[in-house]
2 protein chains.
Amino acid sequence: MATNAREPTSPRAGDGADKLLLKLRLRDGIDAEEEQALRDIIRPPERMAARSVVVREGVPLERSALLVQGILGRSKDMRDGQRQISEIHIPGDFADLHSFTLKRLDQDVIALTECWISWVPHSALQDITERLPHLGRMLWLSTNLDGALHRAWTVSLGRRDALARIAHLLCEMQVRLSVVDMADERSYALPLTQSDLAECVGLTSVHVNRVLRELREQGLVTFRSGRVTIHDIDRLRRVAEFSTDYLFLDKRAR
Amino acid sequence: MATNAREPTSPRAGDGADKLLLKLRLRDGIDAEEEQALRDIIRPPERMAARSVVVREGVPLERSALLVQGILGRSKDMRDGQRQISEIHIPGDFADLHSFTLKRLDQDVIALTECWISWVPHSALQDITERLPHLGRMLWLSTNLDGALHRAWTVSLGRRDALARIAHLLCEMQVRLSVVDMADERSYALPLTQSDLAECVGLTSVHVNRVLRELREQGLVTFRSGRVTIHDIDRLRRVAEFSTDYLFLDKRAR
DNA sequence: CGTCCGGTTGAGAAGCCTCAACCACCGTGG
DNA sequence: CCACGGTGGTTGAGGCTTCTCAACCGGACG
């Protein structure tokens, strides 16, 4: 069942769990029983087309989406056709774990690229909160990490200019992707369009284009054909006023 | 013990719990055992001076702050002296419940007015996750509601102009304060300065001043001497593109 | 080979910021 | 009692960042 999907890009069933465990174990120990419980509730990944709506705002939900491959965004459409993305999700992220308690979403989850998603039933999560409270707290932690990202984005949108805002986003993605072995200090794949970036940082794609040129010409970063190449990570972080503190990369009893 | 504080503004010990319970019971039932467990872990409120830092970013924490009276903000200082507030807290809110899993904060919690705070030890919260998993999920829900506010603010900062942004904030506060019986449809107390507002919506206080005049002259809202008077809530909400959906005001099994 | 999507660039407009002055109110101290 | 200083609010003028509109380019794909 798990290995039924035969397309070349199709991920293995355990990939999502592996990356989720990398993310959780960076913050606290997960023992064998907890790991097994987690693996047991993760269904085989399903493919979602690029640009499709994975979870629609407002719909009653009984499962959450663990992203195995691809990039998801949480997105809000405005009356006038503009949209704002409030978080970018990478493999190993639950895109809507908060729906476990909220029971519906306040924003759409959309596939920014082709994605593979493992669904996790809320009933299984409830079971975890009752049988394995520490693992339950680690899942709670996971939604609180999302909250920390949200706050950092709020600060960016409220107080950084366009250059620092984009620089900050590219710094954030570098660290988060590193955690799941998808980036190093020099470069990483980020298969988004400039319009996608614009919807993350609250600018127009035209202005994002100009700012990306500026970042390139200043020898900081290059974003081109879905890849980020960092020329000077120290200067980039200084320009962005970036610190890893809000990403909670330290291991502690939780 | 609980009634020791004698100043006229000093709240009773149970006030914080009462408002927290109003907030939680709006979303799901809390039975007598859960209510008692919650009341048992809430310490008598302590007074914090206006403009003081209640919880400092980065400091290891073993307790969370339940706001009983006053207004708190989550605030990030920038290098250049600017700051951004990412959430406003009202009585009945935990200002840093996320520190239960994160163990420190990514932003300061500051008192925007004189505040009374009840501290709740993390050990007691851990106990709840182990003994009363449903109540634990309700606390998890509470941090997820914060997340929904964060996302709404991100959308505001990214895609609304100054007028709509301030209108949206005033709409949000009206609903949230109503939940804890501190607002009606026409008016509510909001003892903030125009600079505080500016730090919430990512503008300067000068521009906030001009926009408040515009809101007043359009017959939408008046914000004056710490009080918001809503002249036309329907038009105000339309201008703000405000919907209560993201506040999750519905009762459901969670 | 045409079409579409994403990216690039220019020119002018709009929204918000900066700087500065001034006012009203309130608590404090002489 | 009044003078004073501090804080918060108000208004004007000019500047800068970002937006809007528009044109054009290049590559992928049918």
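Each chain gets a letter, A, B and so on, in the order its sequence line appears, and its residues count up from 1.
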Participant: Does a nitrogen or oxygen in the side chain of B:Thr204 sit under 4.0 Å from OP1 or OP2 of C:dC16?
Facilitator: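 No, outside the criterion.
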Participant: Using atom CG of B:Leu203 as one end and atom P of D:dT17 as the other, report the distance to the nearest whole Å.
Facilitator: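 Atom CG in B:Leu203 sits about 17 Å away from atom P in D:dT17.
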Participant: How far apart are the C-alpha atoms of B:Asp93 and B:Arg176, what are their side-chain angles, what is the distance that settles it, and do they pass the salt bridge (Lys or Arg N to Asp or Glu O under 4.0 Å) test?
Facilitator: CA-CA 10 Å; B:Asp93 285 356; B:Arg176 292 174 59 203; 2.8 Å; yes
Participant: I'd like to know if the side chain of A:Thr193 pairs up with that of A:Asp196 as donor and acceptor (distance under 3.5 Å, no hydrogens or angles considered).
Facilitator: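 Checked: A:Thr193/A:Asp196 side chains pair up, N/O donor to acceptor below 3.5 Å.
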Participant: Taking the axis from the first five pairs and the axis from the last five, what angle separates them in the helix from C:dC1-D:dG30 to C:dG30-D:dC1, rounded to 10 degrees?
Facilitator: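 The angle, to the nearest 10 degrees, is 30°.
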Participant: Checking side-chain polar atoms at under 3.5 Å, does B:Ser195 have a donor or acceptor matched by the opposite partner on B:Glu199?
Facilitator: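 There is no such pair (donor and acceptor under 3.5 Å, judged by atom type) between the side chains of B:Ser195 and B:Glu199.
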Participant: Between residues 205-213 of chain A and DNA chain C, which residues have a heavy-atom gap below 4.0 Å?
Facilitator: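 A:Val206, A:Asn209, A:Arg210, A:Arg213, in order of number.
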Participant: Send over the distance from B:Leu112 CG to D:dG8 P, rounded to a whole Å.
Facilitator: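 For the pair B:Leu112 CG and D:dG8 P, the rounded distance is 12 Å.
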Participant: Could you pull out the closest heavy-atom pair between B:Ile117 and B:Ala65, with the gap in Å?
Facilitator: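 Where B:Ile117 meets B:Ala65 most closely, the heavy atoms are CG2-CB, 3.7 Å.
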Participant: D:dG9 C1' sits how many Å from B:Leu197 CG, rounded?
Facilitator: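 After rounding, the gap between these two atoms is 12 Å.
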Participant: What is the separation between atom CD on A:Gln194 and atom P on C:dT9, rounded to the nearest whole Å?
Facilitator: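 One finds 10 Å between P of C:dT9 and CD of A:Gln194, rounded.
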Participant: Distance alone, cut at 3.5 Å: any donor-acceptor contact between the side chains of A:Ser99 and A:Ser64?
Facilitator: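 A donor-acceptor contact under 3.5 Å links the two side chains.
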Participant: Side chains of A:Thr154 and B:Thr154 only: does a donor on one sit below 3.5 Å from an acceptor on the other?
Facilitator: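 A pair is found: one side chain offers a donor N or O, the other an acceptor, under 3.5 Å apart.
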Participant: Ignoring hydrogens and geometry beyond distance, is a side-chain donor-acceptor pair present between B:His231 and B:Arg216 at under 3.5 Å?
Facilitator: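 The answer is no; no qualifying pair exists.
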Participant: Find the distance B:Arg224:CZ to D:dT10:C1' and express it as a whole number of Å.
Facilitator: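 Interatomic distance, CZ of B:Arg224 to C1' of D:dT10: 11 Å.
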Participant: Contact between A:Lys76 and A:Ser86 at the side-chain level, heavy atoms closer than 4.5 Å - yes or no?
Facilitator: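 Of all side-chain heavy-atom pairs linking A:Ser86 with A:Lys76, none is under 4.5 Å.
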Participant: Using atom CZ of A:Arg159 as one end and atom P of D:dT18 as the other, report the distance to the nearest whole Å.
Facilitator: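 Spelled out: CZ on A:Arg159 to P on D:dT18 is 14 Å.
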Participant: Could you tell me whether the side chain of A:Ile71 reaches within less than 4.5 Å of the side chain of A:Pro191, counting heavy atoms only?
Facilitator: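 Answer yes - side chains close enough.
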Participant: For the pair made of CG in A:Asp161 and P in C:dC16, what is the distance, rounded to whole Å?
Facilitator: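 These atoms are roughly 16 Å apart.
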Participant: Atom CD of B:Glu217 and atom C1' of D:dT11: how far apart are they, to the nearest Å?
Facilitator: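 It works out to 12 Å between those atoms.
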Participant: What does A:Gly202 touch in the nucleic acid at a heavy-atom separation under 4.0 angstrom: a base, only the sugar-phosphate, or nothing?
Facilitator: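 Here A:Gly202 touches the backbone only, sparing every base.
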